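Naming: A, B, ... by sequence-line order, numbering from 1 per chain. The structure presented is a predicted model; accordingly, all values stated were derived computationally and were not measured.
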Protein chains: 2
Amino acid sequence: MARSTRWTRQREAVLEAIQQAKKHLTAQEIYHRVRQRLPGIAYGTVYNSLAYLREAGLVREVKLGDGPVLYDKRTDRHDHLCCRRCGVVLDYKVPHLEQLLKRVRRETDFQVESAHVLFEGLCPDCQRSRDEEEQ
Amino acid sequence: MARSTRWTRQREAVLEAIQQAKKHLTAQEIYHRVRQRLPGIAYGTVYNSLAYLREAGLVREVKLGDGPVLYDKRTDRHDHLCCRRCGVVLDYKVPHLEQLLKRVRRETDFQVESAHVLFEGLCPDCQRSRDEEEQ
DNA sequence: ATGGATGCAAACAGTTTGCAACGAC
DNA sequence: GTCGTTGCAAACTGTTTGCATCCAT
């Protein structure tokens, strides 16, 4: 239970890196981007900042099962599509998820609080690449 | 692309450990259980066996985002409930998932092939523990 | 007898931790 | 001035890899 209070240049820079990115970033990618503004920042500080920002509800973690955790500027509940060939990640919000949660609560003894849905398949680019290879 | 062909004592023992377990096992748990039958087996061999069994469709990996991969004797498509307090994992099959896949295919450019749903909440035991603490 | 699988150990990736020095409050 | 945060490095967990030996075919 960290009782984090201080707003530092490092935390600000990490938050901005995530908010300015056009895609979901790994801690490593954040580290390299933030280093251009704060060349002295340490890896540990990036992780510390990410934990702080997550607890503060300013960013969200995305865990895909494979590879490192991704950091997402979008903080509302949503789901993801992941390309099994190139790994690109897109947002997608499963509709009426609350209905499914109610159903699971009814059918099981679990007090279900949330759900994460991960779709896997081929992104548009990789569909094209595969089509070309097959010709 | 490994072209695995040989059925060894080690692979048989790893498969049986998974099939006899009443819960999903980590590689470490499998290692310790198999060691009672084959005391000489190496960690690397457990991982090798698990990769073989997964490719052969005899076991399934369960990735919960946190912690090590779990191995599941159930090989049909299904989903999981995970307790956020004690980590216990239960199976649950989301109904009509194919309908949702079709919808996602329609609404996105992705060629969606599969989905994994992870529900989080409190298992019955942890609901009880929490109720006691609050009294 | 062949070469895929094993046992062992070292390497690896991602993340966390310990601690003295620093800086936000 | 306090004490939470930083930078640095070492530790840690889970998994993969390299290689000589072994054994399933």
Side chain of [X] - closest among [options]:
X     : options               : value
A/T45 : D/dG7, C/dC25, D/dG14 : D/dG7
B/A42 : D/dT15, C/dG7, C/dG4  : C/dG7
B/T5  : D/dG14, C/dT6, C/dG4  : C/dG4
B/R6  : D/dC23, C/dA24, D/dT6 : D/dC23
B/V69 : D/dT15, C/dG7, C/dT15 : D/dT15
A/R35 : C/dA24, C/dG14, D/dC8 : D/dC8
B/Q10 : D/dT5, C/dG7, C/dA5   : C/dG7

Whole angstroms only, please: what is the [atom1]-[atom2] distance between [X] and [N]?
X     : N      : atom1 : atom2 : answer
B/I41 : C/dG7  : CD1   : P     : 6 Å
B/Y43 : D/dG14 : OH    : C1'   : 9 Å
A/Y52 : C/dT15 : OH    : P     : 21 Å
A/R9  : D/dT5  : CZ    : P     : 14 Å
A/L70 : C/dA13 : CG    : P     : 17 Å
A/D66 : C/dG14 : CG    : C1'   : 13 Å
A/E12 : D/dT6  : CD    : P     : 12 Å
A/Y71 : C/dG14 : OH    : C1'   : 10 Å

Shared hydrophobic cluster for [X] and [Y] (ILVMFWY, side-chain gaps under 4.5 Å):
X      : Y      : answer
A/L101 : A/V117 : yes
A/Y52  : A/I18  : yes
A/V88  : B/V104 : yes

Checklist entry - Using the C1' atoms of five pairs at each end, what's the angle between the two axes of the helix from C/dA1-D/dT25 to C/dC25-D/dG1, to 10 degrees? => result 40°
Next on the checklist: Taking A/E120 first and then A/R84, would you say they form a salt bridge - that is, a charged N and a carboxylate O separated by under 4.0 Å?
Outcome noted: no
Next on the checklist: I'd like to know if A/D91 and A/K93 make a salt bridge, using a cut-off of under 4.0 Å between side-chain N and carboxylate O.
Outcome noted: no
Checklist entry - Would you say D/dT5 has OP1 or OP2 under 4.0 Å from some side-chain N or O of A/R11? => result yes
Checklist entry - C/dT15 phosphate, OP1 or OP2: any side-chain N/O from A/Y47 under 4.0 angstrom? => result yes
Without placing hydrogens or testing angles, list every side-chain donor-acceptor pair under 3.5 Å for residues 36-46 of chain B, not counting sequence neighbours.
residue: B/R37; atom: NH1; partner: B/E16; partner atom: OE1; Å: 2.6

Next on the checklist: Over all strands shown, is A/T8 touching base, sugar-phosphate only, or nothing at heavy-atom distances under 4.0 angstrom?
Outcome noted: sugar-phosphate
Next on the checklist: Quiz question: by atom type and distance under 3.5 Å, do the side chains of A/E107 and B/Y92 form a donor-acceptor pair?
Outcome noted: yes
Next on the checklist: Less than 3.5 Å apart, any donor N or O on the side chain of A/H116 or A/D79 sitting next to an acceptor on the other?
Outcome noted: no
Checklist entry - A/S49 or B/P68: which one's nearest nucleotide on DNA chain D is closer to the 5' end? => result A/S49
Item to check | Nearest-nucleotide comparison on DNA chain D, the residue closer to the 5′ end among B/G44 and A/G40 | outcome: A/G40
